[in-house]
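Reckoned from all heavy atoms, side chains included, excluding hydrogens, waters and symmetry mates. In what follows, residues are counted from 1 in the order of the sequence shown.
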Amino acid sequence: RYLYQGSDGGGLIELDKRDGTRQKLNFPANIIVTMKKDSQGVLWMGCYQNGLVSFDNGKIKHYNTKNSAMKDDDIYGIVESDKGEIWMASLNGHIMILDKKSGKISSIDFDGATNFLDLVAGEKGVLYAASSKGILKINTNTRKYKWIDDKIFAPYSLNGSEIQTLLYDSRGWLWVGHSNGVTAIT
């Protein structure tokens, strides 16, 4: 019945699909960068300077650096792992994991400063993070990671281009949107 719209400055907007009316909801953040629905139908929103917010049948739960173990409040990528965890990628270079059952947040520490702009689920147990440094491949079971070598794109190297968005399709192809265009890794 309802469609939810994250906005840049207006918070969360609820659109009634039956009559077309819109209303701004009482929401803890004004700038919503990303929205994903999990396997249980809960809507998760990454917010600029306001962390992570869940919206479940009108109930809002807010996670940020002040009330949890989050390392950053600028969430630009959200994905649910095959184990049901909520993984987050932040603009300031952090990968964080929320255990939905316990409410505890952990993180992966890695070397190198980067800005994460997107996060997608790949093959079972694998996530990909888009960043200013390239593509980070993460094993959700071991929590080990590796940067995907730029040589994989040869002869169409990304030449240091910023990875802005990712899509993992039903054929197992990883589509990479970057500052120089779009590339598919097959």
Side-chain angles (χ1 to χ4, degrees), residues 6 33-47 51-54 63 68-186:
V33 179
T34 186
M35 300 171 74
K36 296 283 168 70
K37 193 178 267 193
D38 73 12
S39 58
Q40 297 173 320
V42 177
L43 184 61
W44 295 89
M45 289 157 277
C47 305
L52 178 72
V53 180
S54 68
Y63 303 86
S68 73
M70 286 184 67
K71 292 189 170 193
D72 190 7
D73 284 329
D74 295 332
I75 305 302
Y76 274 57
I78 300 172
V79 69
E80 182 179 25
S81 72
D82 51 8
K83 295 190 300 187
E85 301 163 315
I86 298 299
W87 286 65
M88 299 164 273
S90 79
L91 182 62
N92 297 307
H94 299 283
I95 300 290
M96 297 165 283
I97 306 106
L98 169 67
D99 180 316
K100 292 190 291 185
K101 291 179 184 141
S102 70
K104 293 189 178 179
I105 295 175
S106 58
S107 61
I108 296 176
D109 295 318
F110 59 93
D111 51 347
T114 190
N115 299 325
F116 288 113
L117 301 173
D118 199 5
L119 188 63
V120 298
E123 58 273 21
K124 187 172 177 68
V126 174
L127 301 179
Y128 295 94
S131 82
S132 56
K133 188 175 176 180
I135 301 170
L136 187 68
K137 183 177 182 179
I138 307 165
N139 181 312
T140 60
N141 297 313
T142 64
R143 298 196 177 180
K144 294 190 185 250
Y145 64 87
K146 69 177 184 176
W147 291 99
I148 293 180
D149 190 343
D150 189 57
K151 293 182 183 94
I152 196 170
F153 301 104
Y156 307 103
S157 174
L158 297 176
N159 292 326
S161 64
E162 183 174 272
I163 310 299
Q164 297 166 339
T165 189
L166 299 169
L167 173 77
Y168 191 83
D169 73 17
S170 61
R171 298 172 292 182
W173 292 20
L174 180 64
W175 292 86
V176 182
H178 49 86
S179 54
N180 293 325
V182 177
T183 303
I185 302 174
T186 61

How many angstroms lie between [atom1] in [X] and [atom2] in [Y], if you round to the nearest 0.5 Å?
X	Y	atom1	atom2	value
Y168	E123	OH	CD	4.0 Å
W173	T183	CH2	OG1	12.5 Å
L136	F116	CG	CZ	5.0 Å
I138	L127	CD1	CG	5.5 Å

Test your reading of the model: is there a side-chain donor-acceptor pair from [X] to the backbone of [Y], 3.5 Å cut-off?
X	Y	result
K36	I78	yes
T165	G177	no
S179	E162	yes
H94	M96	no

Of all heavy-atom pairs between [X] and [Y], which one has the smallest distance, and what is that distance?
X	Y	result
I135	I185	CD1-CD1, 4.3 Å
L52	M70	N-CE, 4.1 Å
I75	S90	CD1-CB, 4.2 Å
I163	A130	CG2-CB, 3.4 Å

Any residue meeting salt bridge (charged side-chain N to carboxylate O under 4.0 Å, His left out) with D82, in chain and number order, not counting sequence neighbours: K124

Any residue meeting salt bridge (charged side-chain N to carboxylate O under 4.0 Å, His left out) with K100, in chain and number order, not counting sequence neighbours: D38, E80

Qualifying residues under side chain to side chain donor-acceptor pair (under 3.5 Å), relative to Q164, sequence neighbours excluded: none

Please table the atom pairs, donor to acceptor, closer than 3.5 Å between any side-chain atom in residues 101-108 and protein atoms at least two apart or in another chain.
| unit_1 | atom_1 | unit_2 | atom_2 | d |
| --- | --- | --- | --- | --- |
| S102 | OG | K104 | N | 3.1 |
| S106 | OG | R143 | NH1 | 2.9 |
| S107 | OG | K71 | NZ | 3.4 |

side-chain contact (heavy atoms from CB on, under 4.5 Å) involving D74 - partner list, sequence neighbours excluded: Y48, Q49, D72, Y76, L91, N92

Partners passing side-chain contact (heavy atoms from CB on, under 4.5 Å) against K83 (at least two apart in sequence or in another chain): S81, E85, N141

